[in-house]
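Just so you know, these numbers come straight off a predicted model, no measurement behind them. Residue numbers start at 1 and run along the sequence shown.
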Amino acid sequence: MSSLSLAPPSVPANRRRWLWWSMLVALIAVAQTWLVSLTIDFQSSRAQQRVDATTSAVAGALRHRLFVDTQRLSALADSRQAGTAWRQEARALLLSQRELLRVELRDRSLKVVDALDNPLHKPLFSDFPRSQLDFATQNACLAARRAGQPQYSQSYFVPLGNGLGEEVMDLCIARVVDDRLGGYLVGSISLASLLESVESPAVANDNEVSFVDGDGTRVVRTGSPHGAGVFVADRVVNVPGHSLQLHVDSASGRPGVIPNLTTALVLGLSLLLFGVVLVLAHDVRRRAQAERALGESLAFRKAMEDSVLAGLRARDMQGRVTFANQAFCDMVGYAPSQLLGRDEQAYWPVRDAAAAATETGQGGAGYETEFVSSAGRRFPVMIHESRLLDRIGRQTGWICTALDLSAQRRIEEVSRRQQDRLQASARLATIGEMASLLSHELNQPLSAIASFTTGSINLLDDPQPLPAQPSLLRQALERIAEQTERAGRVIRSVQDFVRRREHERHAIEADRLIDTILPLVRMQARRGACRVEVEVEQPAPGVLCDRTMVEQVLINLARNGLQAMEQTAQADPLLRIEVRRLARGMVEFAVSDLGTGISDEVRAQLFTPFFTTRDEGMGLGLSLCRTVVEQHGGSLDFDNLLDSQGRVAGACFRFTLPAAASRHDPMAAEPPGHA
Ligand code: ADP
């Protein structure tokens with residue numbers, strides 16, 4: 001089953017997630033703080049820029065206004081009019097330039113000869129005599145005369161009663177009449193009105209505009225609000241003879257943190273929200289994927305449970321069945337409802353604790369037991385049980401696969417019978433081949449018996465028996481008995497081999513196996529004048545085997561070797577049978593000959609049933625040998641033997657069998673499967 005991502009997050013995963021979230025929040029907080037500080041800085045610099053621009057604009061307007069005032073007053077100074085006409089001209093000027101509070105005509109000795117106050121303003125020197133505030137004006141006039149151009153005086157304060165007053169600055173223009181100094185024209189300019197005349201409502205609403213003196217004391221101010229003292233700008237407005245210091249102070253204070261913080265908070269929260277939405281979308285997608293995977297995996301599991309041929313059954317720790325697939329129900333013949341939730345099962349052959357115990361899974365390797373179907377059929381089952389773990393690795397029960405072995409047993413039985421039949425046929429075939437050999441072997445004792453019998457009869461028929469007749473007769477009879485015994489041994493050795501024995505495995509010493517087959521092997525070897533050597537490691541190892549079958553294997557291999565040697569012109573044919581112990585509890589049997597060896601062509605088909613190169617062969621020998629050896633848990637292989645020049649000089653067939661304790665060797669390893 002594919003793994004699912006729906007498992008609950010582990011503790012480190014939870015911690016990691018919290019860490020991510022904390023980092024995100026911290027990041028947003030830092031970003032917000034930075035944003036707020038940047039915004040405040042930006043707003044401050046914008047406000048300062050505005051004040052600077054306003055100040056420059058007001059200064060420019062002031063310069064222009066004063067230039068106009070200078071032009072107009074110069075025109076009045078140059079006027080040839082006198083008396084009433086002059087006064088009318090001066091009045092018109094005063095009405096048009098509201099910051100001009102008064103114009104005076106002075107003679108060359110600076111004495112005021114005529115003066116006109118602005119009709120829209122209280123007369124300037126109504127409360128305070130002009131003569132007492134004339135110092136700055138006279139200085140300006142003297143300077144104007146020296147410079148030959150209009151000069152402004154220092155500003156001075158003119159009280160107007162009730163604690164009020166007017167800060168004024170005089171412009172003095174020297175009048176030239178016929179290239180000579182004819183007197184002076186003095187215009188008094190109200191600094192407050194001057195400021196108001198150049199100040200737009202927008203500037204006046206947002207700023208406090210003032211003139212300040214050298215030590216920063218405010219001399220005149222306009223503008224409705226009071227300056228906050230945060231965003232200020234100063235400009236010097238230079239006019240001939242004097243310079244005015246313009247000071248603009250914005251009413252707006254330092255940008256507030258709170259409104260900016262609120263904006264940033266809203267922004268931050270929006271970002272956070274966006275992040276959360278992204279995370280949620282990601283989460284939803286993952287969840288959907290996980291659900292899809294879960295669905296697929298459940299469908300896959302269901303299909304697997306339904307299609308699997310082995311029975312699947314799960315039980316909890318109390319032994320109650322919690323799950324049984326269709327194959328299991330079909331196998332035992334009970335519906336799921338008859339199985340689920342029960343700890344004692346109807347398919348146990350004996351309903352007792354022992355049966356239950358065999359069913360209590362130990363995990364690991366499988367074990368065989370028996371079930372009884374609902375129809376009463378007993379059948380063998382192979383159970384493989386393993387621990388059932390929950391998602392955190394805690395055992396919650398057992399799960400097992402149960403395989404009905406009935407069919408397998410049937411096949412095994414059929415195969416065993418076939419093997420037996422094949423073995424029998426092979427044995428008979430071997431005997432058939434040996435028939436001539438047998439007749440030759442029996443011929444000798446039988447002819448000896450016949451001749452001793454004839455000799456004995458002759459002795460008995462002798463009309464004049466010799467005195468030694470009884471002893472001669474006895475000797476002849478003893479020879480007959482010996483020969484009979486010999487013939488009997490030949491026949492018994494064949495009988496022993498042919499007689500069918502039970503296929504049971506017993507521990508037997510290797511030398512005893514060899515001894516049994518040796519008479520038959522030697523019998524065949526004699527025909528080809530072949531030597532037979534046997535070398536069994538001492539003490540003789542024991543093997544666990546079906547004796548008849550292994551004898552058959554040895555006979556087959558020996559016979560093949562002898563036959564291979566018959567086909568060569570080997571001067572000294574030799575068949576060697578060796579037995580030795582191997583590591584890991586196995587015993588090796590080797591049968592080697594000095595025959596033709598195995599060609600590549602034969603090698604490829606050597607173990608194929610019915611493959612033979614001999615006319616009278618059946619081609620079953622080696623395939624049977626391999627089956628028998630493998631049934632015993634061993635293996636059969638072969639090699640060509642090479643002579644000193646590297647030429648093929650024979651073949652050696654080796655097979656192994658599990659070792660068993662022998663009478664010589666009580667320490668031999670226990671055979672596999674008996675542990
Ligand atoms: P069969 O003896 O009836 O031919 P086997 O299965 O015993 O059947 O042997 C198959 C073939 O393997 C033999 O015909 C022979 O060609 C070859 N063979 C078996 N043993 C040897 C051997 N020791 N040396 C050479 N060839 C062999």
Side-chain angles (χ1 to χ4, degrees), residues 422-423 425-438 440-441 494 497 513-514 516-536 549-580 588-629 634-656:
L422 268 178
Q423 292 275 348
S425 313
R427 269 198 298 276
L428 285 175
T430 310
I431 295 305
E433 280 176 36
M434 287 182 173
S436 64
L437 194 70
L438 213 61
H440 173 74
E441 282 293 309
V494 176
F497 179 67
L513 282 174
I514 306 282
T516 312
I517 56 129
L518 213 52
L520 288 173
V521 174
R522 285 197 196 285
M523 213 155 66
Q524 194 172 4
R526 265 199 295 281
R527 195 173 62 180
C530 180
R531 283 191 298 129
V532 177
E533 273 182 19
V534 175
E535 191 182 324
V536 179
M549 291 167 88
V550 174
E551 284 170 6
Q552 176 75 41
V553 171
L554 282 166
I555 288 274
N556 277 353
L557 295 181
R559 188 203 57 192
N560 280 353
L562 291 170
Q563 282 169 350
M565 285 192 284
E566 280 168 18
Q567 292 166 24
T568 59
Q570 178 58 248
D572 182 18
L574 169 67
L575 183 84
R576 276 183 68 80
I577 302 176
E578 289 163 273
V579 182
R580 64 188 179 109
E588 182 187 75
F589 292 73
V591 180
S592 52
D593 60 72
L594 302 177
T596 53
I598 314 287
S599 66
D600 288 345
E601 198 183 310
V602 172
R603 179 184 291 263
Q605 310 180 66
L606 201 61
F607 294 104
T608 313
F610 303 109
F611 168 76
T612 178
T613 57
R614 295 187 298 112
D615 293 343
E616 70 281 16
M618 280 181 69
L620 284 172
L622 285 179
S623 93
L624 272 171
C625 287
R626 189 156 80 169
T627 313
V628 167
V629 169
S635 62
L636 171 67
D637 61 13
F638 63 94
D639 269 329
N640 275 334
L641 298 179
L642 304 179
D643 63 11
S644 51
Q645 274 97 47
R647 288 178 306 219
V648 175
C652 176
F653 283 78
R654 290 191 175 79
F655 67 91
T656 54

Heavy-atom pair of closest approach, residues Gln570 and Leu594: NE2-O, 3.6 Å

Distance in Å, Ile514 CD1 paired with Ile577 CD1, rounded so as to fall on 0.5 Å steps: 5.0 Å

Approximate separation, where rounding is to 0.5 Å, of Arg559 CZ and Leu554 CG: 12.5 Å

Minimum heavy-atom distance Ser635-Val629, with the two atoms named: N-CG1, 3.3 Å

Least distance between heavy atoms, Arg654 atom then Ala590 atom: CG-CB, 3.9 Å

Residue pair Arg603, Asp600: steps toward the side-chain contact (heavy atoms from CB on, under 4.5 Å) verdict: CA-CA 5 Å; Arg603 179 184 291 263; Asp600 288 345; 3.9 Å; yes

Asn556 side chain near Leu622 side chain, heavy-atom distance below 4.5 Å: no

Side-chain heavy-atom pair Val591, Leu575 within 4.5 angstrom cut-off: yes

Heavy-atom side-chain contact between Ile598 and Asp639 under 4.5 Å: no

Steps toward side-chain contact (heavy atoms from CB on, under 4.5 Å) verdict (Glu535, Arg580): CA-CA 9 Å; Glu535 191 182 324; Arg580 64 188 179 109; over 6 Å; no

Distance in Å, Asp593 CG paired with Leu557 CG, rounded so as to fall on 0.5 Å steps: 10.0 Å

Side chain proximity check, Glu588 to Glu578, heavy atoms < 4.5 angstrom: no

Nearest heavy atoms of Glu551 and Leu513, plus distance in Å: CG-CD2, 3.9 Å

Geometric class of the Phe589/Phe655 ring pair [parallel <30°, tilted 30-60°, perpendicular >60°]: parallel

Straight-line distance of Met565 CE to Thr596 OG1, nearest 0.5 Å: 10.0 Å

Heavy-atom closest contact (Ala558 atom, Val521 atom, distance): CB-CG2, 3.9 Å

Atom pair CD1/CD of Ile555 and Gln524 - distance to nearest 0.5 Å: 8.0 Å

Rounded distance [0.5 Å steps], OG in Ser623 versus CZ in Phe610: 7.5 Å

Least distance between heavy atoms, Pro519 atom then Thr516 atom: CD-O, 3.4 Å

Note, Leu641 side chain near Val648 side chain (heavy atom, < 4.5 Å): no

Electrostatic pair Arg531:Glu533 at N-O distance under 4.0 angstrom: yes

Validation row: Phe638, Leu606 side chains within 4.5 angstrom (heavy atoms): yes

